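Right, one structure below, let's go through it.
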Amino acid sequence: QVQLVESGGGLVQAGGSLRLSCAASGRTFSSYRMAWFRQAPGKEREFVAALSWSVGSAYYADSVKGRFTISRDNGKNTVYLQMNSLKPEDTAVYYCAEQLYSGSYNDPIHFASWGQGTQVTVSS
């Protein structure tokens, strides 16, 4: 009963910034944690960042630590991903995902709902 829609992707040069948004609609009160994953052509879907709706710690993949920041707006049922110092290897389709229970934060199998994805392309 939860729908997720991503926005904010686009084409940027290396070193640039983008801010991705994920808006959730429906019965979001049952959601425990939101996360961002990404998938590049020919590669497996990989974890990027995660954050709980209420009090909790943020988690980041080693490849994005210090460059990306995940945040939330509980009133708007929206999670954001601020992406700074972008690199060509960040090029991928970025997906927003929802977890209904306290499971593994970086394993896609533990997430129940997914958005359609938004393309991020970083040129060198």
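Only this structure's heavy atoms are used, side chains among them; waters, hydrogens and symmetry mates stay out. Since we're looking at a predicted model, the values are computed, not measured.
- Between Thr91 and Val120 the shortest side-chain heavy-atom distance does not fall below 4.5 Å.
- Taking all atoms of both residues into account, the shortest heavy-atom contact from Gly103 to Gln99 is N-OE1, 3.1 Å.
- With rounding to the nearest 0.5 Å, the separation of CZ in Arg38 from CD in Glu89 is 8.0 Å.
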Full working for side-chain contact (heavy atoms from CB on, under 4.5 Å) between Phe68 and Asn84:
CA-CA 6 Å; Phe68 292 8; Asn84 298 327; 6.0 Å; no
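- Between Val93 and Gly117, the closest heavy-atom pair is CG1-CA, 3.9 Å.
- Val48 approaches Tyr94 most closely through the heavy-atom pair CG2-CE2, 4.3 Å.
- Atom-to-atom distance recorded for Gln13:CD and Leu11:CG is 8.0 Å, nearest 0.5 angstrom.
- Asp90 and Lys87 are not joined by a salt bridge, as no carboxylate oxygen comes within less than 4.0 angstrom of a charged side-chain nitrogen.
- Using modelled atom types, no side-chain atom of Asp107 and backbone atom of His110 make a donor-acceptor pair closer than 3.5 Å.
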Please step through side-chain contact (heavy atoms from CB on, under 4.5 Å) for the pair Glu6 and Leu20, ending with a clear verdict.
CA-CA 7 Å; Glu6 303 96 335; Leu20 306 184; over 6 Å; no
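- Using a 4.5 Å heavy-atom cutoff, the side chains of Val64 and Phe47 are not in contact.
- Ring centroid separation for the pair Phe37 and Trp114 comes in under the 6.0 Å cut-off.
- In terms of heavy-atom proximity, Leu4 sits nearest to Cys22 at CB-SG, 4.1 Å.
- Sorted by first and then second residue, the pairs that involve residues 115-124 and meet side-chain hydrogen bond (donor to acceptor under 3.5 Å, both in side chains), not counting sequence neighbours, are Gln119-Thr121.
- Heavy atoms only, all atoms of each residue included: Gly115 and Tyr95 are closest at O-CD2, 3.6 Å.
- Nearest heavy atoms, Arg67 versus Ser85: NH1-O, 3.0 Å.
- Tracing side-chain contacts under 4.5 Å through hydrophobic residues (I, L, V, M, F, W, Y), one never reaches Phe111 starting from Leu81; they form parts of separate clusters.
- Side-chain contact between Ser17 and Met83: absent, with no pair of heavy atoms (C-beta onward) separated by less than 4.5 Å.
- Using cut-offs of 30° and 60° for the angle between ring planes, the Tyr105 and Tyr59 rings count as parallel.
- Here OG of Ser113 is found 6.5 Å from CG of Leu100. Values are rounded to the nearest 0.5 Å.
- Annotation: the span from Tyr32 atom OH to Ser102 atom OG amounts to 3.5 Å, rounded to 0.5 Å.
- A cation-pi geometry, defined here as NZ or CZ lying under 6.0 Å from the six-membered ring centre and within 45° of its normal, does not hold between Arg72 and Tyr80.
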